[in-house]
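Data first, discussion second: the structure below is written as structure tokens.
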Amino acid sequence: MTRMMSKPSKGANGTAATSKPAPAKAAKPAAAKPAKARKGARPEQAPEGSEQLMRHSVFDELAFPTDPNNLYRQTVGSMLQAADLMNLPHELKIILAQPKNEIMVHFPVRMDDGQFRLFKGYRVQHNNALGPYKGGLRFHHDVHLDDVKSLSFLMTMKCSLVGVPYGGGKGGIKVDPYKHSKAEMERIVRRFTAAIAHDIGPDYDIPAPDVGSNSQHMAWIADTYSSISEGSGKNGMAVVTGKPVEIGGSLGREKATGQGVVDTLVEMLPEIGVDIKNCKVSILGYGNVGSWSGRIVQDKGAKVIAVMDHTGAIRNDGGLDAHALAIHCQKTGGVAGFKGATAIAKDEFYKTKVDVFIPAALEQMIQEPEAKLLNCKVVAEGANAPTTPAGERILQQRGIEVLPAILCNAGGVTVSYFEWVQNKTSHAWELETVDRELNKHMIAAARRCRDARKKYKCDLRTAAYIGALERLKQAYLVRGIFP
Ligand code: NAD
């Protein structure tokens, strides 16, 4: 096994800590998965104005990659724009522009045919000023360090904005989970857990599911960690969230991100002049986030009229049955072939006239061409970083409101926090309690964004970053920067 780390640190700021060795395993399968459009695969020209986002003295100071399509540069660029507007101290800009720890491991796993294969895994710990590192694990054949860095950065911002006592982290394994047997995935996940076991923990870094991973994988991680880690007898199962309810998972966690998307829409749509009861919705991606957003928004009276995933695009102007479509996807692996709709082309999907468009697939899927095609009033970002700066500029020019990911999809980590609290107090909450508390956090976060937008006269994404940065700034003011 190979391990590469940038300076490991346990302290909140630059506090150095000792590097640790590593150990071993756990995972699950599900519906067929996506052939992800590789980020930056289609180079785009930044329209006028977005160049400003692409340039910043901090990029030069920290020797960032110069490619404007680089996802990490794009996500940090949005934060720096907000940081400049609120006059965030320079030292906080540079601290937040880089993750504290970047852990990369290589580990061998025996396949069902007896041969060994070597896998690559990541855990990036972006910041822990507000609490333990927190964030999902992505199992995808195309996962890269820059993706994981970007996603861990977004977790720091999201946890701060939504008011949960966590920092940000993210990880993943370069693997297509749908091409392995359940037994192979279990060995891969358990072996990966062993490789990073010294770098995670219930009070230090708490992984969760993301694209390609699920509650069964979390169960294997929790079991492996509890079996091999020193001191894990105490709350060892709390090392991950998104677990099955049988072993300490929370009611409402599976639907939480979709629930949070819809809670955000309910709070924000009235000021945009859209009535959720009569609105039309299209959804890109129909996995966990997309399908739960679809089901819950339909239960509120909206009509889901178009959906696209990696298997194709479908449309029904009278409204799809979002619940039946979720069952179809679980059985067949995608939306293609769903009887209650007509197959349409990709461009037609984007051009479908709706009130709300929910991207809930992968990063950087709304670039300039898609932004020009979209025919909606609101983009509610269920996915992380689905809109590129160039795409966003087009949306702004066309008067389309964007509800940013760090607000819109914060429901998942919020209920993960509730799961962690339930594990630590050995007290299981009722679903009503989970939903009510989630709603409170989502509304408070939406109002924080709205207040910042009014104060700084900026767009909602910048306002969301300001809301997140205000809390981080206060934490650093009180804690100071070691030594
Ligand atoms: P998932 O694996 O359950 O679903 C992903 C969906 O994207 C699938 O429907 C897949 O078909 C679709 N997709 C993949 N590639 C595509 C392509 N090229 N074209 C069209 N569709 C494609 O993943 P998920 O958990 O729903 O996560 C989706 C997004 O939401 C990710 O950005 C993730 O980081 C983010 N997110 C997830 C959670 C959570 O709790 N699961 C929380 C916050 C944010």
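In each ligand, atom 1 is the first atom listed, and ligand 1 is the first ligand listed.
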Next item on the list: Give the numbers and elements of all ligand 1 atoms closer than 4.0 Å to a heavy atom of Ala361.
Entry: 7 (O), 12 (C), 13 (N), 21 (N), 22 (C), 28 (C), 29 (C), 31 (C), 32 (O)
Next item on the list: Just jot down the ligand 1 atoms closer than 4.0 angstrom to any heavy atom of Arg138, in number order.
Entry: 31 (C), 32 (O), 33 (C), 34 (O)
Check: What part of Ala208, side chain from CB on, backbone N/CA/C/O, both or neither, has a heavy atom under 4.0 Å from ligand 1?
Finding: neither
Next item on the list: Can you sort out which atoms of ligand 1 are near Gly382, meaning under 4.0 Å from one of its heavy atoms?
Entry: 30 (O), 35 (C), 44 (C)
Check: For ligand 1, which part of Arg253 has a heavy atom less than 4.0 Å away: the side chain, the backbone, both, or neither?
Finding: side chain
Check: With only distance considered, is Lys170 within less than 3.5 Å of ligand 1 through an N or O on each side?
Finding: no
Checklist line | Options Met155, Met365, Glu381, ranked by nearest heavy atom to atom 19 (N) of ligand 1, top entry | finding: Met365
Note to self: Asp203: which residues meet the salt bridge (charged side-chain N to carboxylate O under 4.0 Å, His left out) condition with it, sequence neighbours left out?
What the structure shows: Lys424
Next item on the list: State, without any angle test, whether Asp112 and His180 hold a side-chain donor-acceptor pair at a distance under 3.5 Å.
Entry: no
Notebook entry, point to check: N/O to N/O below 3.5 Å, does that happen between Asn288 and ligand 1?
Noted result: yes
Margin query: When you measure from the centre of the six-membered ring of Phe59, is the NZ or CZ of Arg73 closer than 6.0 Å and no more than 45° off the axis?
Written below: yes
Check: Should Tyr286 be counted as touching ligand 1, given the test is an N or O pair under 3.5 Å?
Finding: yes
Next item on the list: Using a strict cut-off of less than 4.0 Å between a Lys/Arg side-chain nitrogen and an Asp/Glu carboxylate oxygen, indicate whether Lys300 and Asp263 qualify as a salt bridge.
Entry: no
Next item on the list: Could you point out which residue of Thr156, Val148, Leu154 forms a side-chain contact (heavy atoms from CB on, under 4.5 Å) with Lys170?
Entry: Val148
Notebook entry, point to check: According to the interplanar angle, ranging from 0 to 90°, do the rings of Phe192 and Phe139 count as parallel (below 30°), tilted (30 to 60°) or perpendicular (above 60°)?
Noted result: perpendicular
Note to self: Measuring from atom 36 (N) of ligand 1, which candidate in Val413, Val335, Asn384 has the nearest non-hydrogen atom?
What the structure shows: Asn384
Notebook entry, point to check: Who are the salt bridge (charged side-chain N to carboxylate O under 4.0 Å, His left out) partners of Glu470, not counting sequence neighbours?
Noted result: none
Item checked: Centroid-centroid under 6.0 Å between Tyr166 and Tyr133 rings -> no
Notebook entry, point to check: So is Pro209 in contact with ligand 1, going by heavy-atom distances below 4.0 Å?
Noted result: no
Notebook entry, point to check: Are any of the side-chain nitrogens in Asp435 or Lys440 under 4.0 Å away from the carboxylate oxygens of its partner?
Noted result: no
Next item on the list: Measure the distances from the heavy atoms of Gly334 to every atom of ligand 1 and state whether one is below 4.0 angstrom.
Entry: no
Next item on the list: Just go through Leu151, Val211, Thr311 and tell me whose heavy atom is the nearest to atom 27 (O) of ligand 1.
Entry: Val211
Next item on the list: For Gly212, take its heavy atoms, then give the atoms of ligand 1 lying under 4.0 Å from any of them.
Entry: 2 (O)
Notebook entry, point to check: Hey, does Lys255 sit under 4.0 Å from ligand 1 if you only count heavy atoms?
Noted result: no
Check: Considering Asp309, Asp210, Asp147, which one's heavy-atom position lies nearest to atom 20 (C) of ligand 1?
Finding: Asp309
Check: Counting both backbone and side chain atoms, is some N or O of Leu284 under 3.5 Å from an N or O of ligand 1?
Finding: no
Notebook entry, point to check: Taking atom NE2 of His328 and atom NZ of Lys331, what is their separation to the nearest 0.5 Å?
Noted result: 9.5 Å
Next item on the list: Check the angle between the aromatic planes of Phe64 and Tyr72 and answer parallel, tilted or perpendicular using the 30° and 60° thresholds.
Entry: parallel
Margin query: Within the 4.0 Å heavy-atom shell around Val289, which atoms of ligand 1 are there?
Written below: 24 (P), 26 (O), 27 (O), 30 (O), 36 (N), 37 (C), 38 (C), 39 (C), 41 (N)
Checklist line | Nitrogen or oxygen of Met308 less than 3.5 angstrom from that of ligand 1 | finding: no
Checklist line | Charged N-O contact under 4.0 Å between Lys179 and Glu184 | finding: no
